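To start, the structure itself, in structure tokens.
All ligand and atom numbering here is 1-based and tracks the order in the structure. Note: hydrogens, waters and symmetry copies are ignored here, and every other heavy atom, side chains too, is used. The model shown is predicted, which means the values in this text are computed figures rather than measured ones.
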Amino acid sequence: MEICELVDKLENTRDLTDSELKFLLEGDYDVEILRSRADIVRQKNYGRDVFVRGLIEFTNYCKNGCYYCGINCNNKDANRYRLSKSEILECADEGYELGFRTYVLQGGEDPYFTDEVLCDIVSSIKSAHPDCVVTLSVGERSRESYEKLYEAGARRYLLRHETASAEHYGKLHPEKMSLDNRMKCLWDLKEIGYQVGSGFMVGSPYQTTECLLEDLRFLQSLSPDMIGIGPFISHEKSVFAQFPNGSVELTLRLISILRLMFPYALIPATTALGTLKADGRELGLKAGANVVMPNLSPTAVRAKYDLYDNKICTGEESAQCVACLGGRVKAAGYEIVVDQGNVKR
Ligand code: 5AD
Ligand code: FES
């Protein structure tokens, strides 16, 4: 099949065979054909709109030792921090003034944030800003915990599956973590009624094209509202310190494929993409992404939320980050919308 026919088929049926997908991922063809079609499909569903979510990185304590991650529990050099409830509320207030109507509270799996502590924070944000949506990104918890957090007012949850191949999952994580539990969490979240975001890293160590096919198939079954992907970037204090970074090109191909497979999806142009290439996020938007997540964390802790080396936006104030990203979105030909940014199914 010619590349144009493949892209037609993907747009029209939202699906392709494994070998067709493999060609889109690996093949030698004019990528502009794939990219421009993804941009058209995004335009049909969302116009030129780009949604913003204010990211509040509220703790870098983590009980897990994921091999790719800079804030893994075995990194004794990590400078650990935890924001207090009032610091988190201040970030939310500042974000509100800057126009945000949705926040993402992201952190490591920090046992300090019990259900009681976290529910109190979620409900306090909701009382202070009833017109805002609270998104959580705090890893694997029990179903009961997710239920309590939902009752406290959280409505969205981001939990990347990281890789849908059990074998590959085992190579990225310590033995006590499992893909089964990760997936159980995602299905629980969905059943409870959360809008769910999932996703994976591109070019993580030992990843093959077959792993990526499994990722796409898993996403087809989960049908998440948001799909976040970004290139793997090695961190000097992680197990994978010596592995090469993922490819920006492949990440962009995948964003376009995701846009065509999931026309309604919220797809962020991620910080990792902007870290590996100066205009990475702009290229992500042009390839089909429609969300950006400016950092609202206090400047004093930014550099400490050190998932991978050379992470951008660690020196800027929230307002600077917002202004910078706003300018980038505009220059790329898109427009920031200030609302809750709901998925259009
Ligand atoms: N490179 C790129 N992305 C990473 N993440 C964690 N470590 C890295 C890394 N070294 C991503 C994971 C996680 C998200 C918060 O950040 O996919 O889910
Ligand atoms: Fe944070 Fe540019 S987006 S400084």
Is there a polar contact between ligand 1 and Ala272, counting only N or O atoms under 3.5 Å apart? no
For atom 16 (O) of ligand 1, what's the nearest protein heavy-atom neighbour? Residue, atom name and distance, please. Leu307 CD1, 3.6 Å
Counting heavy atoms only, which part of Glu162 comes closer than 4.0 Å to ligand 1: side chain, backbone, both or neither? side chain
Do Arg14's NZ or CZ and the ring of Phe262 fall within the cation-pi criteria of under 6.0 Å and 45°? no
Arg160 neighbourhood, listing ligand 1 atoms whose heavy-atom distance to it stays under 4.0 Å: 11 (C), 12 (C), 17 (O), 18 (O)
Gly70 to ligand 1, any heavy atom closer than 4.0 Å: no
Tell me, which protein residue and heavy-atom name are nearest atom 2 (C) of ligand 1, and how many Å apart are they? Pro231 O, 3.3 Å
Are Val50 and Val291 close enough that some pair of their side-chain heavy atoms sits under 4.5 Å apart? no
Close-contact set for ligand 1 against Met201 heavy atoms, below 4.0 Å: 2 (C), 3 (N), 4 (C), 5 (N), 8 (C), 17 (O)
Can the positive tip of Lys344 be found less than 6.0 Å from the middle of the six-membered ring of Tyr264, inside 45° of the ring normal? no
Would Asp188 and Lys184 pass as an ion pair if we require N to O under 4.0 Å? yes
In this structure, atom 1 (N) of ligand 1 is nearest to the protein heavy atom Ile233 N, 2.9 Å
As a quick check of understanding, evaluate ring pair (Phe, Tyr, Trp, His ring centres under 6.0 Å) for Tyr150 and Tyr157, giving each step before the final call. CA-CA 10 Å; Tyr150 190 89; Tyr157 204 102; over 10 Å; no
Are the side chain of Arg281 and the backbone N or O of Thr275 linked by a donor-acceptor pair below 3.5 Å? no
For the 3.5 Å polar cut-off, considering only N or O atoms, please tell me whether Gln106 and ligand 1 meet it. no
Have a look at Phe243 and tell me which of Tyr68, Tyr67, Tyr206, Tyr308 forms a ring-ring contact (aromatic ring centres under 6.0 Å, His included) with it. Tyr206
Please classify the Cys66 to ligand 1 contact at 4.0 Å (heavy-atom distances, strictly less than): side chain, backbone, both or neither. neither
Establish, for the pair Arg53 and Phe100, whether the NZ or CZ atom is under 6.0 angstrom from the six-membered ring centre and no further than 45 degrees off its axis. no
For atom 7 (N) of ligand 1, what is the nearest protein heavy atom, given as residue, atom name and distance? Tyr68 CD1, 3.4 Å
